[in-house]
Amino acid sequence: MQLLSSQKMFNGWQQRYRHYSQTNQCDMTFSIYIPFRVTQGYKVPTVYCLAGLTCTDENFTIKAGAQQYAAQLGLVLVMPDTSPRGEDVANDAAYDLGQGAGFYVNATEAPWAKHFQMYDYIVQELPDLIEANFDVTQERSLMGHSMGGHGALVIALRNSERYKSVSAFAPIVNPMDIPWGQKALNAYLGDNQAAWAQYDACHCINHASHRLPILIDQGTADEFYPTQLQPEKLVTAAKVAGCPIQFNLRQDYDHSYYFIASFVETHLTFHAEHLGL
Ligand SMILES: N[C@@H](CCC(=O)N[C@@H](CSC=O)C(=O)NCC(=O)O)C(=O)O
């Protein structure tokens, strides 16, 4: 791992690293917030924060205002990139496919399959790297925004023994049924609907072996709410599946990081409680 930057923040450290990813076959960058408690010699749990379309590891890091709460609660925050990147990595001119739009899937189709293995990267390679190199426990939670909310929900529901809780801001919950999802799943997985279903939270929730707690916040003024997000579909599916879900509709909030910053304390407190802090 190569340290790219390190700044003191709320008595802890905000850092950025680059490392070679065996899973994605290219260099990957992530950001991490390490609270003061770790510098005192304690191991603490980790919350992985997955960002949305067009984002890097820096959007959540810079705009969400999460570090002050992570410092108070004693949580490490890990902000991964949203896709593999580089000149040798496939891309598309559109903002919703290719670099910056990995959709947290393991691509099976050319030209994406060689590098776009973001599901395995987030589930296995990145936690292995974090847990080998930082003073964290193996207790983890996931949160995400929009495409990152989709990633957080799918990964937590499919690997519910690995996570204590999952939360999302304005998540895509039923990608098989909305334009962003149909475009990405078709490109990355071909037209195999069974493969698509493995990356659709409304389907995955029926197979979740543990009933892990879910928190979702959605702004009513979000331009993507009616067409791309529709989180109520997951609320209905969760109730049928018997999964505990808390859904907050937030009046007049939009899709931006101003919305996330307004409720990030609530989400981190939710995770801290389920992580036993
Ligand atoms: N049309 C926009 C779309 C990009 C966008 O809104 N990205 C969101 C996530 S949307 C779902 O995953 C985002 O988080 N943007 C970055 C930010 O810092 O706000 C465009 O013009 O690109």
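Numbering of ligands and ligand atoms starts at 1, following listing order.
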Under 4.0 Å from atom 11 (C) of ligand 1, can you find at least one protein heavy atom? yes
Flag, side chain of S83 to backbone of G102, donor-acceptor distance under 3.5 Å: no
Atoms of ligand 1 under 4.0 Å from any heavy atom of S146, numbered from 1 in the order shown, are 10 (S), 11 (C), 12 (O)
Under 4.0 Å, counting heavy atoms only: does S256 come that close to any atom of ligand 1? no
Distance from atom 2 (C) of ligand 1 to nearest protein heavy atom, with residue and atom: Y95 CE1, 4.2 Å
Taking Q15 for the side chain and Y33 for the main chain, is one N or O donor matched with an acceptor at less than 3.5 Å? no
Near M147, which atoms of ligand 1 are under 4.0 Å from a heavy atom of that residue? 11 (C), 12 (O)
Find all atoms of ligand 1 within a distance of less than 4.0 Å from any non-hydrogen atom belonging to N59, and give their numbers and elements. 16 (C), 17 (C), 18 (O)
Are any of the N/O atoms in K63 less than 3.5 Å from those in ligand 1? yes
Ring center gap for F60 and H145 short of 6.0 angstrom: no
Check each atom of ligand 1 against the heavy atoms of Y257 and keep those under 4.0 Å away; list them by number with element. 14 (O), 17 (C), 18 (O), 19 (O)
Do me a favour and list the nearest non-hydrogen protein atom to atom 22 (O) of ligand 1 with residue, atom name and distance? T54 CG2, 3.5 Å
Quick check, are the ring centers of H267 and F169 under 6.0 angstrom apart? yes
Looking at ligand 1, does any of its N/O atoms fall within less than 3.5 Å of an N/O of W180? no
At what distance is the nearest protein heavy atom to atom 14 (O) of ligand 1, and which residue and atom is it? C55 SG, 3.3 Å
Minimum heavy-atom distance between Y48 and T46, given as atom pair plus value: CE1-CG2, 3.5 Å
Nearest protein heavy atom to atom 6 (O) of ligand 1, by residue and atom, and its distance? F224 CE1, 3.9 Å
If only atom types and distance count, is the side chain of Q25 paired as donor or acceptor with the main-chain N or O of H115 below 3.5 Å? no
Distance under 6.0 Å and angle within 45° of the ring axis: does R250 meet both against F259? no
Could you check, using the six-membered ring where one of them is a Trp, whether Y188 and Y119 have ring centers closer than 6.0 angstrom? no
May I ask whether atom 19 (O) of ligand 1 is less than 4.0 Å from at least one protein heavy atom? yes
Measuring centre to centre across the rings, with the benzene-like ring taken for any Trp, is W13 within less than 6.0 Å of F36? no
How far is atom 5 (C) of ligand 1 from the closest protein heavy atom, and which atom is that? L53 O, 4.0 Å
